[in-house]
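Predicted model only: the values in this text are computed from it and were never measured. Numbers here simply count residues along the sequence, with the first being 1.
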Amino acid sequence: SVDLPKRRQEDITRSRLPVKHDRHFQPKNWPHQVLFARATGLRWAELRDLRIREVYTNECGQLVVYVKNGKGGKSREVPVLPEYEQDMRAVIKGREPEEHVFDRMPTAMDVQSYRRGSAQARYQHHAQQRPLPPAQGRLKPTDYDADAAKKVSKALGHQRKSIVLTHYLR
């Protein structure tokens, strides 16, 4: 019998500013973890579990990361953004295939912000002549490149491009 206020999407805000737990993380102390997060957009647990053998060059000559056990137990291949390929190759060069890429993953690392940045860079790579979708208002099909959004969605491990459009590209 209690009247609750109606929720509207316009009233929902997401923090894009530094928060308290961000003060405990110093990116300069974790350069390889930040590099991989920006280059691939992997989730925290996916970065933690990544092994050297799962970073390789595919048949097209592109560096990819194989996520064996992503969210929901699904596997996928994530192409590395071209501007990060050389640095990533240097991190894995000469290491044992069964070795984890990272000995430790910082729990205070804001992986979600790196995922978002990676998604936006990936979208702009695939939709070279299109800007990011507008931050406000209802999206129309003409506001974004559907093929690029689908590729970003697949790389991030999502099944629907709507998730990527509303949470990562805007």
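Between Asp110 and Ser113, the closest heavy-atom pair is O-OG, 2.8 Å. Minimum interatomic distance between Leu169 and Ala119 (heavy atoms only, all atoms of both residues): CD2-O, 3.6 Å. Taking all atoms of both residues into account, the shortest heavy-atom contact from Gly41 to Ser118 is N-OG, 3.4 Å. The minimum heavy-atom distance linking Val164 with Ala149 is given by the pair CG1-O, 4.5 Å. Closest approach of Pro31 to Asn29, counting heavy atoms only: CD-C, 3.4 Å.
With sequence neighbours excluded, the residues forming a side-chain contact (heavy atoms from CB on, under 4.5 Å) with Lys68 are Glu54, Tyr66, listed by chain and number. The ring pair (Phe, Tyr, Trp, His ring centres under 6.0 Å) search around Tyr123 returns none, not counting sequence neighbours.
Legend: side chain to side chain donor-acceptor pair (under 3.5 Å) pairs involving residues 35-45, not counting sequence neighbours, sorted by first then second residue: Arg43-Glu46.
Other residues, nucleotides and ligands contribute only 12 or fewer heavy atoms inside 6.0 Å of the NE2 atom of His32.
Counting heavy atoms from C-beta on, the side chains of Val64 and Tyr56 come closer than 4.5 Å. Side chains of His126 and Asp145 form no contact here, defined as non-hydrogen atoms less than 4.5 Å apart. Using a 4.5 Å cut-off on side-chain heavy atoms (C-beta onward), Pro79 and Arg122 make contact.
To the nearest 0.5 angstrom, Leu81 atom CG is 9.0 Å from Gln62 atom CD. How far OH of Tyr168 is from CD1 of Ile163: 8.5 Å, rounded to the nearest 0.5 Å. Interatomic distance, CZ of Arg115 versus NE2 of His167, reported as 11.5 Å (0.5 Å rounding). In this structure, the separation between OG on Ser153 and CD on Gln159 is 7.0 Å, given to the nearest 0.5 Å.
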Mind listing the side-chain donor-acceptor pairs of residues 82-89 below 3.5 Å, one per line with the distance, residues two or more places apart or on another chain?
{"residue": "Glu85", "atom": "OE1", "partner": "Arg89", "partner atom": "NH2", "Å": "3.3"}
{"residue": "Arg89", "atom": "NH1", "partner": "Thr57", "partner atom": "OG1", "Å": "3.0"}

For residues 90-105, please give each side-chain donor-acceptor pair under 3.5 Å, one per line with the distance, not counting sequence neighbours.
{"residue": "Arg95", "atom": "NE", "partner": "Glu99", "partner atom": "OE2", "Å": "3.1"}
{"residue": "Arg95", "atom": "NH1", "partner": "Val91", "partner atom": "O", "Å": "3.4"}
{"residue": "Arg95", "atom": "NH1", "partner": "Val101", "partner atom": "O", "Å": "3.2"}
{"residue": "Arg95", "atom": "NH2", "partner": "Glu99", "partner atom": "OE2", "Å": "2.9"}
{"residue": "Arg95", "atom": "NH2", "partner": "His100", "partner atom": "O", "Å": "2.9"}
{"residue": "Arg95", "atom": "NH2", "partner": "Val101", "partner atom": "O", "Å": "3.0"}
{"residue": "Glu98", "atom": "OE1", "partner": "Arg53", "partner atom": "NE", "Å": "3.4"}
{"residue": "Glu98", "atom": "OE1", "partner": "Arg53", "partner atom": "NH2", "Å": "3.2"}
{"residue": "Glu98", "atom": "OE2", "partner": "Arg53", "partner atom": "NE", "Å": "2.7"}
{"residue": "Glu99", "atom": "OE1", "partner": "Glu96", "partner atom": "N", "Å": "3.3"}
{"residue": "His100", "atom": "ND1", "partner": "Arg48", "partner atom": "O", "Å": "3.4"}
{"residue": "His100", "atom": "NE2", "partner": "Arg51", "partner atom": "NH2", "Å": "3.3"}

For residues 130-140, which side-chain N or O atoms pair as donor and acceptor with protein atoms under 3.5 Å away, sequence neighbours left out?
{"residue": "Arg130", "atom": "NH2", "partner": "Thr142", "partner atom": "O", "Å": "2.8"}
{"residue": "Arg130", "atom": "NH2", "partner": "Tyr144", "partner atom": "O", "Å": "3.2"}

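Of the possible polar contacts, one joining the Arg116 side chain to the Arg170 backbone as a donor-acceptor pair under 3.5 Å is found.
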Inset, instruction - Show your working on side chain to side chain contact (heavy atoms under 4.5 Å, CB included) between Val65 and Leu50 and close with a plain yes or no. - result: CA-CA 9 Å; Val65 172; Leu50 188 63; 3.5 Å; yes

